[in-house]
Structures are given as structure tokens and as C-alpha cells.
Visitor: 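Structure provided below as C-alpha cells; questions to follow.
Each chain gets a letter, A, B and so on, in the order the sequences are listed, and its residues count up from 1.
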There are 2 protein chains.
Amino acid sequence: MTTSRRDRAPVSLTVDLVVLTVRDGQLQVLLIVRGAEPYAGQLALPGGFLRPGEDLEVAARRELWEETGVEGGMLHLEQLRTYAARERDPRGRVVTVAYLALAPGLPIPSAGTDAQSARWEPVGNVLSKSVSLAFDHNQILADGVERARSKLEYTTLATVFCGETFTIGELRHVYEVVWGMPLDPRNFNRKVIKTDGFVEPTGATRSLDTGRPAALYRRGNKTDALHPPMLRTTIT
Amino acid sequence: MTTSRRDRAPVSLTVDLVVLTVRDGQLQVLLIVRGAEPYAGQLALPGGFLRPGEDLEVAARRELWEETGVEGGMLHLEQLRTYAARERDPRGRVVTVAYLALAPGLPIPSAGTDAQSARWEPVGNVLSKSVSLAFDHNQILADGVERARSKLEYTTLATVFCGETFTIGELRHVYEVVWGMPLDPRNFNRKVIKTDGFVEPTGATRSLDTGRPAALYRRGNKTDALHPPMLRTTIT
DNA sequence: ACAAAAGTGTTGAATCTACACCCATGC
DNA sequence: GCATGGGTGTAGATTCAACACTTTTGT
């Protein structure tokens with residue numbers, strides 16, 4: 001190690017969050033309107049600077065709370081990727097660690113202290129570039145959505161989009177929205193039920209406006225890997 | 001954004017590499033003996049400080065070359081994860097971005113300028129703690145191996161462990177070593193051949209010491225996703 | 001001839017897909 | 001009754017796992 005002290009680039013670290021939910025039959029992302037330069041007034045992912053001695057995941061939950069009022073205590077949070085391109089932030093060398101959060105349908109967030117406002121936006125509007133985000137946040141969002149899509153295939157993660165208890169139909173709805181394709185309700189039902197540890201019945205049922213009441217389930221004990229995976233047999 | 005300047009923790013960024021290869025029927029990782037404090041004389045993953053204005057992936061290839069003499073030009077390199085626990089480095093707040101590299105059987109590296117020596121070590125010896133690494137590198141290695149194992153299932157990545165051209169037997173050997181389980185040569189053959197874009201025949205054959213010569217293949221045009229995946233049907 | 005590795009055939013089991021069909025509720 | 005969504009049955013196609021068997025080389 002002959003690295004001299006001046007070869008060690010000191011950088012600022014930020015944490016940004018891709019918070020996804022399923023609302024109104026669409027996959028939506030939580031965005032804020034930036035209140036300060038750079039990119040003041042523009043839409044961006046929630047996030048901010050890591051504080052001295054703070055852990056990344058702690059910082060992620062804190063920023064989420066401060067900027068959007070969303071309580072991060074019980075949502076699924078996983079590290080997505082780190083972005084460090086030189087020109088990504090006009091303030092200098094700012095490296096960001098992006099996190100992916102998946103949440104059940106959340107209340108419309110109330111503006112916190114650090115943001116003028118926060119809101120849900122359908123990801124389709126952002127990915128198609130009709131809504132443009134600050135920094136490289138369009139890219140980060142695209143990576144997050146891609147991660148979510150593929151994780152639905154080989155993990156039980158879809159259940160975190162649902163509430164504490166849910167019907168198989170609701171779970172199927174999550175898959176259909178995230179993958180953007182219809183699934184056969186009858187085959188989906190069987191597949192989920194017979195996959196060990198995916199969901200477990202609560203015994204209760206839920207009545208919708210119309211139709212037969214559906215059995216309610218909660219998340220199974222299998223946290224992640226699905227064997228065999230839920231296949232989307234169409235082309236990718 | 002009311003973040004004051006002192007709330008922005010300046011950190012040092014390092015890049016560390018989990019370089020995996022298949023040698024002598026074992027999955028092996030490239031390690032160096034640290035030449036400087038902290039952890040001088042102890043084994044560690046190759047890596048080092050990011051230089052001002054340097055991109056992460058460039059830094060990863062540079063450190064690999066400087067510390068081990070391995071030419072990173074043509075090996076598969078992907079970001080693994082970022083580690084930022086407060087106590088992970090005695091020098092202060094040092095955050096590391098870990099990269100995973102997969103390479104065909106490489107020559108035994110010659111020591112470079114920054115390391116007293118570099119060598120291959122079977123990952124089993126490290127994961128079982130009979131070999132202990134500096135910093136949190138044991139954890140980083142475990143995460144890298146886990147990533148490699150699962151990527152073999154649903155991507156064509158196993159081919160990067162092979163040379164430019166390879167036999168199906170060699171490819172199967174990669175799977176067997178990384179997954180640590182025997183596979184049926186006959187079924188494996190068919191599965192790989194019929195999976196569109198996995199491998200394509202070169203027309204040539206290769207003779208081993210004994211047995212019928214095997215047809216040679218090169219990587220197919222499908223870079224990543226495998227549909228359907230190569231399933232390990234046994235318990236995980 | 002024999003050993004060894006490559007590759008093909010085949011068979012029964014399991015799974016997937018596309019339906020027909022029944023069930024339970026609100027209106 | 002009728003619309004609507006929940007859930008079961010089932011037949012044909014596809015895939016999988018296991019293993020017999022043939023092919024092609026070196027010795």
C-alpha cells in the first residue's frame with residue numbers, strides 16, 4: 001500500500017430511495033419536489049446526505065421520514081446499487097448509495113420538513129421520460145424497477161406490496177401490475193398455494209363489493225428464495 | 001434541503017474485488033497479503049482507495065492490476081454491494097464498494113507493486129474460517145460467492161469462467177464446482193444446447209487425454225437472463 | 001480390446017397451460 | 001336471477017430425472 005494521502009479522494013455520501021408501491025392498478029414511485037439547489041423545484045427521489053457515524057440503512061429510513069413523512073419502520077428495504085459517475089452531481093464528488101423499498105399501499109405522504117412536497121407518480125410516466133428527474137435519478141429508478149420485476153420471479157417479495165393479510169387475488173394483482181401482463185387467476189391460485197412457505201391461510205375471509213369472499217392469507221415463513229420460481233414464460 | 005455543511009460526512013471510498021475462478025476442481029478467490037497497516041501481513045481481498053475523479057469500475061481494474069498483476073480488461077466485472085459499517089475500518093470512516101469479478105482459469109499472479117504477494121485460495125477454506133481475512137472481507141467474499149451461485153441459475157454467466165471456446169463438459173464442471181453438487185452430464189448437455197442463445201457451436205472439437213473428442217462452443221448472444229433457468233432442484 | 005468421456009433415446013413422473021365448470025356473495 | 005370474482009377439475013403438451021445405450025477417441 002503505497003497510497004499517499006492525497007490519492008484518497010474524500011467524497012460526500014448520499015442515500016437515495018426508490019420507494020415503490022401498487023396504487024390504483026399502477027406501479028408508483030415516491031417522489032419529492034426539491035426545495036434547494038441544485039435542481040430546485042424539480043422532481044427527484046427522496047434522499048440526502050449521510051451524517052457522521054450514521055449507518056446507511058438508518059440514514060435511508062431517516063431521510064424517508066424527514067422528506068416524505070413515510071414511516072420506514074416496517075417496509076422492505078434493500079440496497080440497490082451505488083452510483084459514482086464523476087458528473088452526476090454539480091456540487092462535486094457526491095456518491096450515492098441507492099436503496100430499493102417496497103411498500104403496501106401507503107397513505108399520501110404529508111410534506112415533511114425538508115421537502116416542499118412529496119407525491120406518488122406512476123413509474124410508467126417517468127420511465128417514458130414524460131417526467132424527468134434530477135441528477136441520474138431516472139437511471140436509478142429504472143434499475144430499481146428492473147430489480148423489483150426480477151425479484152418477483154424468484155422470491156416471495158410480492159407479499160410485501162400487500163398489507164398484513166391479503167387475498168390471492170390481491171397478490172396476483174401485484175404481479176400483474178409489476179410485470180405489466182395478465183395472469184390466469186386459476187393457475188396463479190394453485191401455484192401460490194402449493195409453493196411451500198409462500199403464504200399461509202389465516203382462516204378468515206374478506207368480502208369485496210361483489211363476488212364470492214376470498215380467503216385471507218399472511219406471508220409465509222419463506223422470506224426469500226422461491227423454488228421453483230414464478231415464471232413469466234413470455235419473452236423478456 | 002436544510003442540510004448544513006457539517007452534516008455532510010466526508011468519507012473515504014475504497015474499491016474491493018471478489019475475483020473468482022475455477023481451478024483444480026475448486027472455486028478459488030484471489031487474495032493478497034497486505035503490505036501496510038492496518039492488518040499488515042494478513043490476507044485480504046485486493047482493492048484500494050478511489051482516486052480523485054476516478055470512476056469506480058476503472059479503479060477496480062487499476063487496483064486489480066497494481067496489486068495482483070491480473071489484467072482486468074476482459075473479465076466480467078459487476079458491482080456487488082457497498083459496505084459502510086462504522087467500525088469496519090480502524091482508519092476512520094472508510095466505505096467500500098465491492099465488485100464481483102468472474103474469470104477463466106488465470107495464470108498465478110505475479111506480485112505487483114502494492115502487494116507483497118498475491119495468490120489463489122479455495123473459497124471453502126475461507127468460508128469455513130480456517131482462513132481469516134482483514135476488515136469485513138470474509139463477509140464480502142461470502143456475499144460474492146452467494147451472488148455467483150445464484151447468478152449461475154438464471155443467467156448465462158457460467159460461460160465467463162470458461163475460456164474463449166469450451167466444451168459442454170467444461171461448462172458443466174463450472175456448475176458442479178460452484179454449486180458443489182454433481183450434475184447428470186447427459187441431461188446437462190441437452191439443457192444447455194436447447195437453451196437458445198446460451199452457447200453456439202464453433203464446429204471444432206477438442207481431444208482430451210482419453211475419451212471421445214468434445215464439440216467446442218463459444219458464448220451465445222444471450223448475455224444474461226436465462227428462460228427457463230438452470231434449476232438446482234435440491235434444497236437450498 | 002478396453003477405459004473413458006461425449007452424446008442420443010426413452011420412459012414414467014411432474015409440471016404447465018388452457019380451459020370448463022362449480023361456489024358464494026351483492027344487487 | 002344475474003353479474004362478479006373465488007376456487008376446483010381435468011386433458012393435452014411440455015419438461016424433467018433417471019438410466020440404457022451408442023459413438024469416438026487414446027492406450
Side-chain angles (χ1 to χ4, degrees), chain A residues 22 25 152-154 158 162-163 165-177 179 181-218 226-236, chain B residues 22 25 152-154 162 165-177 179 181-218 226-236:
Chain A
V22 173
L152 252 58
E153 266 191 284
Y154 54 91
C162 302
T165 65
F166 49 88
T167 68
I168 304 293
E170 288 168 352
L171 186 62
R172 175 172 46 83
H173 186 236
V174 167
Y175 274 91
E176 291 180 327
V177 166
W179 284 354
M181 60 168 65
L183 299 173
D184 187 308
R186 299 154 298 186
N187 294 335
F188 183 87
N189 234 289
R190 255 181 306 235
K191 176 103 185 199
V192 170
I193 300 293
K194 79 191 300 206
T195 299
D196 220 57
F198 198 165
V199 297
E200 57 183 38
T202 65
T205 60
R206 171 181 300 167
S207 284
L208 287 317
D209 298 359
T210 175
R212 171 178 171 176
L216 280 174
Y217 295 82
R218 66 172 69 89
L226 265 187
H227 279 271
M230 305 287 289
L231 287 185
R232 358 171 214 185
T233 37
T234 47
I235 41 96
T236 48
Chain B
V22 173
L152 252 57
E153 266 191 286
Y154 55 91
C162 302
T165 65
F166 50 88
T167 69
I168 304 294
E170 289 169 352
L171 186 62
R172 174 171 47 83
H173 187 237
V174 167
Y175 274 90
E176 291 180 327
V177 166
W179 284 352
M181 59 168 64
L183 299 174
D184 187 307
R186 300 155 297 186
N187 294 336
F188 183 87
N189 236 289
R190 254 182 306 237
K191 176 104 184 197
V192 170
I193 301 293
K194 79 191 299 207
T195 299
D196 219 58
F198 199 165
V199 298
E200 57 184 38
T202 65
T205 60
R206 172 182 299 166
S207 284
L208 288 316
D209 296 0
T210 175
R212 171 176 171 178
L216 281 173
Y217 295 82
R218 67 171 69 89
L226 264 188
H227 280 270
M230 305 288 290
L231 287 185
R232 354 171 217 184
T233 36
T234 45
I235 42 96
T236 47

Visitor: Atom NE2 of B:His173 to atom C1' of C:dA5: distance rounded to whole Å?
Guide: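 Rounded to whole Å, this separation is 14 Å.
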Visitor: What's the angle between the local helix axes at either end of the helix from C:dA1-D:dT27 to C:dC27-D:dG1, using five pairs per end and rounding to 10 degrees?
Guide: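 It works out to 0° between the end axes.
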Visitor: With a 4.5 Å cut-off on side-chain heavy atoms, are A:Val192 and A:Met230 touching?
Guide: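 The answer is yes; the side chains approach within 4.5 Å.
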Visitor: Using 0.5 Å steps for rounding, measure from the CG atom of A:Leu216 to the CZ atom of A:Arg206.
Guide: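 The distance works out to 5.0 Å.
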Visitor: Excluding sequence neighbours, so at least two apart, what forms salt bridge (charged side-chain N to carboxylate O under 4.0 Å, His left out) with A:Asp196?
Guide: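 In terms of salt bridge (charged side-chain N to carboxylate O under 4.0 Å, His left out), with neighbours along the sequence ignored, A:Asp196 is linked to no residue.
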Visitor: Quick one: A:Arg186 CZ to D:dG6 P, roughly how many Å, whole number?
Guide: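 Computing the A:Arg186:CZ to D:dG6:P distance gives 12 Å.
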Visitor: Specify the residues of residues 187-199 of chain A, ordered by number, for which at least one heavy atom lies under 4.0 angstrom from an atom of DNA chain C.
Guide: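 Close to the strand are A:Asn187, A:Arg190, A:Lys191.
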Visitor: With sequence neighbours left out, write down each residue that passes side-chain hydrogen bond (donor to acceptor under 3.5 Å, both in side chains) with B:Asn187, or none if nothing qualifies.
Guide: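 Residues passing side-chain hydrogen bond (donor to acceptor under 3.5 Å, both in side chains) with B:Asn187: B:Arg190.
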Visitor: For A:Thr210, which residues count as a side chain to side chain contact (heavy atoms under 4.5 Å, CB included) partner, sequence neighbours excluded?
Guide: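 Checked A:Thr210 against side chain to side chain contact (heavy atoms under 4.5 Å, CB included); zero matches.
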Visitor: How close or far is atom P of D:dG6 from atom CZ of A:Phe166, stated in whole angstroms?
Guide: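 Roughly 14 Å, once rounded to whole Å.
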Visitor: Between the protein and nucleotides 12-14 of chain D, list the N/O to N/O atom pairs that are separated by less than 3.5 angstrom.
Guide:
none

Visitor: Report the distance from atom CE of B:Met230 to atom C1' of D:dA17, rounded to the nearest whole Å.
Guide: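 B:Met230 atom CE is separated from D:dA17 atom C1' by 14 Å.
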Visitor: Just the rounded figure in Å: distance from P of D:dG7 to CG of A:Asp184.
Guide: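 Nearest whole value for this atom pair: 14 Å.
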Visitor: Output all residues satisfying side chain to side chain contact (heavy atoms under 4.5 Å, CB included) with A:Arg212, sequence neighbours left out; order by chain, then residue number.
Guide: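 Partners of A:Arg212 by the side chain to side chain contact (heavy atoms under 4.5 Å, CB included) criterion come out as none, since no residue qualifies.
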Visitor: At a heavy-atom distance below 4.0 Å, what parts of residues 205-217 of chain B sit against DNA chain C?
Guide: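 Contacting residues: B:Thr210, B:Gly211, B:Arg212, B:Pro213, B:Ala214, B:Ala215.
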Visitor: Please list, chain by chain and in numerical order, all residues satisfying side-chain hydrogen bond (donor to acceptor under 3.5 Å, both in side chains) with A:Tyr154, sequence neighbours excluded.
Guide: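 Here the qualifying residues are B:Tyr154.
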Visitor: With sequence neighbours excluded, tell me which residues meet side chain to side chain contact (heavy atoms under 4.5 Å, CB included) with B:Pro213.
Guide: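 Listed in chain order: B:Thr205, B:Ser207.
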Visitor: Quick check for you: to the nearest 0.5 Å, what is the distance between A:Asn189 atom CG and A:Ile168 atom CD1?
Guide: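 Nearest 0.5 Å value for the CG-CD1 distance: 5.5 Å.
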Visitor: Not counting sequence neighbours, which residues clear ring-ring contact (aromatic ring centres under 6.0 Å, His included) with A:Phe198? List them please.
Guide: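 A:Phe198 satisfies ring-ring contact (aromatic ring centres under 6.0 Å, His included) with no other residue.
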Visitor: Rounded to whole Å, please give me the gap between CG in A:Leu183 and C1' in C:dC16.
Guide: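 Atom-to-atom, A:Leu183 to C:dC16, this comes out as 13 Å.
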Visitor: Between B:Ile193 and B:Tyr217, is there a side-chain heavy-atom distance shorter than 4.5 Å?
Guide: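 Yes. Closest side-chain heavy atoms under 4.5 Å.
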Visitor: Heavy-atom distance under 4.5 Å between the side chains of A:Phe166 and A:His173, does that happen here?
Guide: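 The answer is no; the side chains never approach within 4.5 Å.
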Visitor: Would you please indicate yes or no on a ring centroid separation below 6.0 angstrom for A:Phe188 and A:Tyr175?
Guide: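 Yes, they do, as the ring centres are separated by less than 6.0 Å.
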